[in-house]
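Owing to the predicted nature of the structure, the values given are computational and were not obtained by experimental measurement. Hydrogens, waters and symmetry mates are skipped; everything else that's a heavy atom, side chains included, is used. Counting convention: from 1, in listed order, for ligands and their atoms alike. The residues of the chain are indexed from 1 along the displayed sequence.
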Amino acid sequence: MSVAQSVRLPQRVGAWIDGQPRPGTGEELPIVNPALGRPVSVLTESDAGQVEVAVGAARAAFERGPWPRWSVERRQAVLRDIQARLLAHAEELAWLECQNTGIVLRELRQRHLPRAAANFGFFADYIGQSAEHVYRQTPGYVSTVMREPAGVAALISPWNAPVALSSMQIASAIAFGATCVIKPSEQSPLAVQRMVELMHEAGLPPGVVNVVNGRGPVTGQALVAHPDVRRVCFTGGTETGRRIMEVAASHLAPCTLELGGKSANIVFASANLERALDGALLGIFSNNGQQCLAGSRILVQRSVFDDFAARFVERARRLRIGDPMDAATELGPLASQAQLQRVLRYAELAREDGGSVLTGGAALPSLGPGFYAAPTVVLALDNACRVAQDEIFGPFATLLPFDRVDDALAIANASRYGLVSYVWSDHLPTVTAMTEGLRTGVVWVNTPMMRELRAPFGGFKDSGVGRQGGAACEAFFTEEKVVTWPTTPPALRRLGAGP
Ligand code: TXE
């Protein structure tokens with residue numbers, strides 16, 4: 001029996017609070033399958049009252065529940081059980097994820113689901129090894145620095161990789177003993193909801209992970225604004241991140257924000273150009289082009305520019321576009337009608353700004369009512385053009401030539417964003433100059449995206465605040481507490497004991 005025949009598509013998605021599914025309390029919203037261009041299920045929104053109940057459950061689980069008090073071994077056992085269950089249910093979760101994102105099923109199976117499971121395994125391992133520290137420099141005293149879970153975390157995730165991104169948020173929050181309320185994107189709640197159900201089957205106590213669903217300004221805002229929320233972890237657009245930080249500031253909840261990007265993929269003549277071409281194509285067309293770390297500005301050294309651009313365009317034209325469930329598909333639909341319109345609009349803006357559209361720039365109605373766009377490659381007049389500055393978030397590559405290392409650095413850094421960059425060169429001084437000069441949180445050299453979970457991930461400038469990764473998440477989801485005591489009774493001044 002195929003997964004499609006055996007998995008139930010829920011007719012209605014509501015909340016998950018205190019270990020139980022609950023019907024939503026607010027408006028009904030359609031959950032749209034982007035490959036079909038029509039609703040396949042219904043989301044019932046959580047209104048502010050239900051958000052209050054969810055935060056209350058998370059607070060009770062934090063203050064009185066077993067999770068923050070369990071031994072590390074016991075928490076590790078649950079996290080590892082969750083990891084195993086996500087792998088055992090990977091087909092089902094990938095199928096559900098595909099239904100409301102349009103992400104190619106093969107990519108979900110090969111990258112997103114293994115990664116989601118690994119997030120729980122990674123943090124299970126991490127908490128078994130993390131240490132606190134002691135200061136003994138002041139004679140006669142010992143001061144220990146301990147870490148305690150921070151309390152209730154609000155976790156807000158987007159639609160471009162719902163399970164992969166929300167699993168990272170959840171695993172990193174709960175591993176250290178925090179409890180949480182997660183609000184997935186209203187466009188793509190299906191697989192996240194099932195993942196949370198599986199987490200409870202693995203023995204997660206009620207109230208540790210709660211889910212509210214709904215739109216950002218309704219459900220998301222009520223969650224971030226709740227005074228009992230002690231941490232906010234957000235992945236999404238830059239403008240939304242700005243708004244969230246303002247709201248969180250009202251009760252001084254620290255935020256990590258993983259926001260947008262306009263990452264440069266820089267190809268030098270000294271690169272292995274065949275590999276650079278493969279890497280550049282993967283960098284912009286993976287995940288239907290909808291990823292924060294997409295290499296969407298492709299900077300190519302002028303001496304090889306024409307040849308590289310011609311081959312890039314030819315390969316882009318040959319991408320197999322279509323049904324994301326089909327094993328042969330390389331590029332699926334965009335996640336929504338709004339994203340499709342946004343991508344098409346940028347083809348017009350490329351021309352308005354004096355650039356040329358080398359391929360694509362149009363919808364593909366021949367593929368049916370789904371939100372399909374042709375892979376698009378534009379040659380921009382210069383780096384100031386909107387197609388070189390704005391995050392488009394689709395299968396849309398902007399090509400720009402450069403002459404020397406200095407030019408490449410100047411162009412790459414002339415961006416409001418600073419998430420990642422990619423450098424392709426086999427010339428060590430070039431690579432060194434680039435890695436030292438690039439103003440981005442990550443630089444990948446001669447490789448497409450390779451996420452090292454132990455290392456901090458996050459952006460400079462408008463790409464974010466804070467980092468995700470082993471130590472970075474430990475620092476974020478815990479509070480430090482210092483306990484000081486004397487090794488021998490210290491002399492005390494005896495106030496009020498004078499003659
Ligand atoms: O994302 P939003 P949108 C970029 C990309 C895209 C643009 C807009 O360029 O075109 O953002 O996408 C919740 N309080 N990225 O508008 O709004 C929302 O419900 C609390 C980059 O769809 O940022 C969803 O759960 N929450 C990116 C989540 O925020 C709020 C991934 C993300 O949605 C809220 C996605 C509010 N006031 C888009 N408003 C990346 N970094 O990978 C919205 N939300």
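A cation-pi contact, defined as under 6.0 Å to the ring centre and within 45° of the axis, links Arg451 to Phe457. A cation-pi arrangement, defined by a distance under 6.0 Å to the six-membered ring centre and an angle within 45 degrees of its axis, is present between Arg231 and Phe476.
Donor-acceptor pairing under 3.5 Å is recorded for the side chains of Tyr126 and Glu474. With 3.5 Å as the limit, one finds no donor-acceptor pair spanning the side chains of Trp159 and Asn100. There is a side-chain donor-acceptor pair under 3.5 Å between His226 and Glu52. With no hydrogens or angles considered, no side-chain donor-acceptor pair links Thr238 and Asp462 at under 3.5 Å. Checking Asp47 against Thr25 by side-chain atom types alone, a donor-acceptor pair falls below 3.5 Å.
Interface of Gln221 with ligand 1, defined as ligand atoms under 4.0 Å from a residue heavy atom, comprises 14 (N), 20 (C), 37 (N). For ligand 1 and Ile156, the ligand atoms under 4.0 Å from any heavy atom of the residue are 13 (C), 20 (C), 25 (O), 26 (N), 28 (C), 29 (O). Every atom of ligand 1 with a heavy atom of Gly220 under 4.0 Å away is listed here by number and element: 14 (N), 20 (C), 26 (N). Near Cys292, the atoms of ligand 1 lying under 4.0 angstrom from a non-hydrogen atom of the residue are 40 (C), 41 (N), 42 (O). With ligand atoms numbered from 1 in the order given, ligand 1 contributes 24 (C), 25 (O), 28 (C) to contacts under 4.0 Å with heavy atoms of Ser157. Listed by number with element, the atoms of ligand 1 under 4.0 angstrom from any heavy atom of Glu186 are 18 (C), 19 (O). When each atom of ligand 1 is checked for a heavy atom of Pro184 under 4.0 Å away, the hits are 25 (O). Shown in contact with Pro158 at under 4.0 Å from a heavy atom are these atoms of ligand 1, numbered in order with element: 31 (C), 35 (C).
Applying the side-chain contact (heavy atoms from CB on, under 4.5 Å) test between Leu96 and each of Thr101, Val163, Leu9 identifies Leu9 as the sole match. Between Leu400 and the choices Leu299, Ile298, Leu381, Val387, the side-chain contact (heavy atoms from CB on, under 4.5 Å) rule is met once, by Leu299.
Between Leu79 and Phe120, some side-chain heavy-atom pair lies under the 4.5 Å cut-off.
Remark: minimum distance from atom 30 (C) of ligand 1 to any protein heavy atom is reached at Gly216 CA, 3.3 Å. Counting protein heavy atoms only, atom 5 (C) of ligand 1 is closest to Glu391 OE1, 3.3 Å. Protein heavy atom nearest atom 17 (O) of ligand 1, with residue, atom name and distance: Thr240 OG1, 3.1 Å. If you check which protein heavy atom lies closest to atom 29 (O) of ligand 1, you get Phe234 CE1, 3.2 Å. The protein heavy-atom contact nearest to atom 41 (N) of ligand 1 is Leu259 O, 3.0 Å. At the top of the distance list for atom 3 (P) of ligand 1, counting protein heavy atoms only, stands Trp159 NE1, 3.8 Å. Here the protein heavy atom with the shortest distance to atom 10 (O) of ligand 1 is Gln339 OE1, 3.3 Å. Gly237 CA, 3.2 Å is the protein heavy atom nearest to atom 11 (O) of ligand 1.
Where the criterion is an N or O separation shorter than 3.5 Å, residue side chain and backbone included, Lys183 meets it with respect to ligand 1. The shortest N or O to N or O distance between Thr235 and ligand 1 is not under 3.5 Å. On a distance-only criterion, Arg215 and ligand 1 share no N/O pair closer than 3.5 Å.
Heavy atoms only, all atoms of each residue included: Leu419 and Ser463 are closest at N-OG, 3.2 Å.
At a distance under 4.0 Å, a protein heavy atom can be found next to atom 23 (O) of ligand 1.
At least one heavy atom of Arg342 sits less than 4.0 Å from an atom of ligand 1. Taking a 4.0 Å cut-off on heavy atoms, Gly464 fails to register as neighbouring ligand 1. Residue contacts with ligand 1: Gln291 is excluded, as none of its non-hydrogen atoms falls under 4.0 Å.
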Worksheet entry | Step-by-step salt bridge (Lys or Arg N to Asp or Glu O under 4.0 Å) determination, Glu239 to Arg416 | CA-CA 12 Å; Glu239 291 319 313; Arg416 58 192 273 245; 3.3 Å; yes

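Environment of CZ in Arg22: crowded, with over 12 heavy atoms of neighbouring residues, nucleotides or ligands closer than 6.0 Å.
The pair Glu201-Arg194 meets the salt-bridge criterion, since a charged nitrogen lies less than 4.0 angstrom from a carboxylate oxygen.
Of all the heavy atoms of Ile244, the ones lying under 4.0 Å from any atom of ligand 1 belong exclusively to the side chain.
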